[in-house]
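Step one of this worksheet: look at the structure below.
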Amino acid sequence: MNNLDKVKHEELIIILEELIETIRLMRNKVSDYLLCQNEEEAKEWLAFLKEHRDKEELKTLEKEIADRFFYRFDVQICKDELDNNRANLIEKYLIKSNEYLK
């Protein structure tokens, strides 16, 4: 197995935890089905990430998050700073993941 370094794995976990918290804050301001869906997906991503460190397995997670971000997830919901932060966190995860999983 080709495992991701523990420090890098923890950094990716922290990014997803911050994403979930940002979505929760957004849900306090706006009641939107997309936010509920986004939060559930982010929780699933985090659960998968916490259970896996193999780079090949984590590449599948990166692909799933990228598909969401580029095809369905990158829609502005609130048009505010929290929404920008949500998109930036997903982008940050993808950049870090791509860098770490090479």
Side-chain angles (χ1 to χ4, degrees):
M1 266 210 225
N2 188 8
N3 283 342
L4 182 63
D5 169 283
K6 188 175 182 177
V7 172
K8 292 174 181 175
H9 186 248
E10 184 62 32
E11 185 177 354
L12 293 177
I13 288 171
I14 290 169
I15 294 169
L16 288 184
E17 288 174 337
E18 190 175 340
L19 172 64
I20 292 167
E21 183 58 29
T22 299
I23 294 170
R24 284 184 183 143
L25 291 172
M26 290 173 68
R27 288 186 61 212
N28 287 338
K29 293 172 64 176
V30 176
S31 177
D32 188 293
Y33 175 74
L34 282 177
L35 285 174
C36 294
Q37 182 181 4
N38 290 178
E39 183 177 358
E40 288 308 309
E41 288 172 337
K43 286 178 181 177
E44 289 173 12
W45 299 338
L46 180 60
F48 183 88
L49 178 60
K50 285 182 174 182
E51 294 297 318
H52 298 87
R53 287 193 42 214
D54 179 71
K55 287 184 177 184
E56 287 303 314
E57 293 173 328
L58 294 180
K59 265 301 204 191
T60 64
L61 178 61
E62 180 185 304
K63 183 181 180 325
E64 181 179 331
I65 293 173
D67 286 348
R68 269 298 167 237
F69 183 65
F70 292 110
Y71 299 114
R72 289 176 260 171
F73 203 59
D74 190 30
V75 229
Q76 278 201 310
I77 297 171
C78 300
K79 296 183 181 181
D80 65 4
E81 188 175 326
L82 283 173
D83 202 23
N84 291 337
N85 190 40
R86 177 185 63 92
N88 289 337
L89 285 166
I90 297 169
E91 182 179 17
K92 180 179 178 181
Y93 180 91
L94 292 172
I95 290 168
K96 291 285 185 183
S97 176
N98 186 267
E99 176 186 333
Y100 295 161
L101 300 176
K102 287 183 179 179

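Sequence positions, counted from 1, serve as the residue numbers for this chain. The shown structure was predicted, so the numbers you read here are calculated from the model rather than taken from an experiment.
Here the closest non-hydrogen pair linking Ile20 and Leu46 is CD1-CD2, 3.7 Å. Smallest separation of non-hydrogen atoms from Leu19 and Ala42: CD2-CB, 4.0 Å. Nearest heavy atom pair, residue Leu4 against residue Tyr100, reads CD1-CB, 3.6 Å.
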- Message: The test is side chain to side chain contact (heavy atoms under 4.5 Å, CB included); show your working for Asn85 and Leu89 and say whether it passes.
- Response: CA-CA 6 Å; Asn85 190 40; Leu89 285 166; 3.7 Å; yes
- Test log, rule side chain to side chain contact (heavy atoms under 4.5 Å, CB included), inputs Arg86 and Ile23: CA-CA 7 Å; Arg86 177 185 63 92; Ile23 294 170; 4.0 Å; yes
- Item | Candidate pair Lys50 and Glu17, rule side chain to side chain contact (heavy atoms under 4.5 Å, CB included), full reasoning | CA-CA 11 Å; Lys50 285 182 174 182; Glu17 288 174 337; 3.7 Å; yes
- Task: With side chain to side chain contact (heavy atoms under 4.5 Å, CB included) as the test, would you mind laying out the steps for Lys29 and Asp80 before giving the verdict?
- Result: CA-CA 11 Å; Lys29 293 172 64 176; Asp80 65 4; 2.9 Å; yes
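Note that CD1 of Ile65 and OG of Ser97 are 7.0 Å apart. Values are rounded to the nearest 0.5 Å. Once rounded to the nearest 0.5 Å, the distance linking CG of Leu82 with CG of Asn88 reads 11.5 Å. The distance from the CD atom of Glu44 to the CG atom of Leu49 is 13.5 Å, given to the nearest 0.5 Å. Here Asn3 contributes atom CG and Glu57 contributes atom CD; the two are 8.5 Å apart, rounded to the nearest 0.5 Å. The NZ atom of Lys43 sits 13.0 Å away from the CG atom of Leu16 when rounded to the nearest 0.5 Å. Taking CD of Glu91 as the reference point, atom CD1 of Ile15 lies at 11.5 Å (rounded to 0.5 Å).
Among residues two or more places apart in sequence or in another chain, the salt bridge (Lys or Arg N to Asp or Glu O under 4.0 Å) test is passed with Arg27 by Glu39. Applying the side-chain hydrogen bond (donor to acceptor under 3.5 Å, both in side chains) criterion to Lys63, with sequence neighbours excluded, gives Asp67.
Taking 4.0 Å as the cut-off between side-chain N and carboxylate O, Lys8 and Glu11 do not count as a salt-bridged pair. For Lys59 and Glu62, the salt-bridge test passes: some basic side-chain N is under 4.0 Å from an acidic carboxylate O.
Hydrophobic clustering (ILVMFWY, side-chain heavy atoms < 4.5 Å, transitive): Val30 and Leu25 are in one cluster. Trp45 and Ile14 end up in different hydrophobic clusters when Ile, Leu, Val, Met, Phe, Trp and Tyr side chains are linked at under 4.5 Å. Under the 4.5 Å side-chain heavy-atom criterion for Ile, Leu, Val, Met, Phe, Trp and Tyr, Ile95 and Tyr93 are members of distinct hydrophobic clusters.
Using a 4.5 Å cut-off on side-chain heavy atoms (C-beta onward), His52 and Leu58 make contact. Side-chain contact between Asn38 and Met26 is absent, with no heavy-atom pair separated by less than 4.5 Å. Residues Arg24 and Leu35 form no side-chain contact, since every pair of their non-hydrogen atoms from C-beta on lies 4.5 Å or further apart.
Residue-environment remark: CD (Glu99) exceeds the threshold of 12 foreign heavy atoms within 6.0 Å.
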